[in-house]
Amino acid sequence: QVQLVESGGGLVQPGGSLRLSCASSISIFRLNSMAWYRQAPGKQREFVAHITSSGNGNYADSVKGRFTISRDNANSAVYLQMNSLKSEDTAVYYCGAGQVLSRRDTAYAYWGQGTQVTVSS
């Protein structure tokens with residue numbers, strides 16, 4: 001069983017930055033795809049970004065150019081650097097892990113508990 005633990009959320013003003021972390025209980029060398037999703041109140045969970053085992057990232061249009069996903073295989077962690085944050089980025093952010101690279105959240109077998117990001121002045 002893979003356990004994922006997110007951290008780094010919080011309250012930030014519009015235009016600010018946050019860096020989310022996702023720590024895995026197993027080596028992420030064993031996980032072909034890791035992803036970030038988010039869920040705002042009253043909305044469905046939506047894809048934010050994913051990254052392959054070789055480090056190639058792919059982003060939702062809404063965050064492209066502002067967010068960067070990266071992975072640290074040695075420390076079994078994945079990160080999401082979020083810059084130029086907007087109020088519409090407010091959501092609970094979840095880390096997902098699996099073997100299939102996809103934008104569909106059903107492709108990911110393992111999930112963390114989520115971390116709240118609130119963008120507000």
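Positions are given from 1, in the same order as the sequence printed here. Values below: every heavy atom of this structure, side chains too, minus hydrogens, waters and symmetry copies.
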Please check this pair: side chain of Arg71 against backbone of Ile28, looking for a donor-acceptor N/O pair closer than 3.5 Å. yes

*Report yes if some heavy atom in the side chain of Met82 is under 4.5 Å from a heavy atom in the side chain of Arg66; otherwise report no.*
no

One should read off an interatomic distance between Leu80 CG and Tyr93 OH, to the nearest 0.5 angstrom, of 7.5 Å

message = So for atom CD, which belongs to Gln99, do other residues, nucleotides or ligands contribute more than 12 heavy atoms lying within a distance under 6.0 Å?
response = yes

Applying side chain to side chain donor-acceptor pair (under 3.5 Å) to Ser54 and Thr52, what does each step give before you reach the verdict? CA-CA 5 Å; Ser54 57; Thr52 65; 3.0 Å; yes

To the nearest 0.5 Å, atom CG of Asn75 lies from atom OG of Ser27 at 10.5 Å

| said: Tell me whether the count of non-hydrogen atoms from other residues, nucleotides or ligands lying under 6.0 Å of CD in Gln44 goes above 12. | reply: no

Whether Phe47 and Tyr37 hold their rings parallel, tilted or perpendicular, with breakpoints at 30° and 60°
perpendicular

Sequence neighbours excluded, the answer for side-chain contact (heavy atoms from CB on, under 4.5 Å) partners of Thr106 is Arg104

Residue set satisfying side-chain contact (heavy atoms from CB on, under 4.5 Å) with Val119, at least two apart, ordered chain then number -> Val12, Pro14, Leu85, Asp89, Thr90, Val117

The residue among Thr115, Val48, Val92 that forms side-chain contact (heavy atoms from CB on, under 4.5 Å) with Arg38 is Val48

Applying side-chain contact (heavy atoms from CB on, under 4.5 Å) to Asp61 and not counting sequence neighbours gives Lys64

So the disulfide (SG to SG under 2.5 Å) pairs with at least one residue in residues 12-121 (sequence neighbours excluded) are Cys22-Cys95

By side-chain contact (heavy atoms from CB on, under 4.5 Å), Gln81 pairs with (sequence neighbours left out) Ser17, Arg19, Thr68, Asn83

With sequence neighbours left out, the residues meeting salt bridge (charged side-chain N to carboxylate O under 4.0 Å, His left out) with Arg45 are Asp105

Worksheet entry | More than 12 heavy atoms from other groups under 6.0 Å of CZ on Arg30 | no

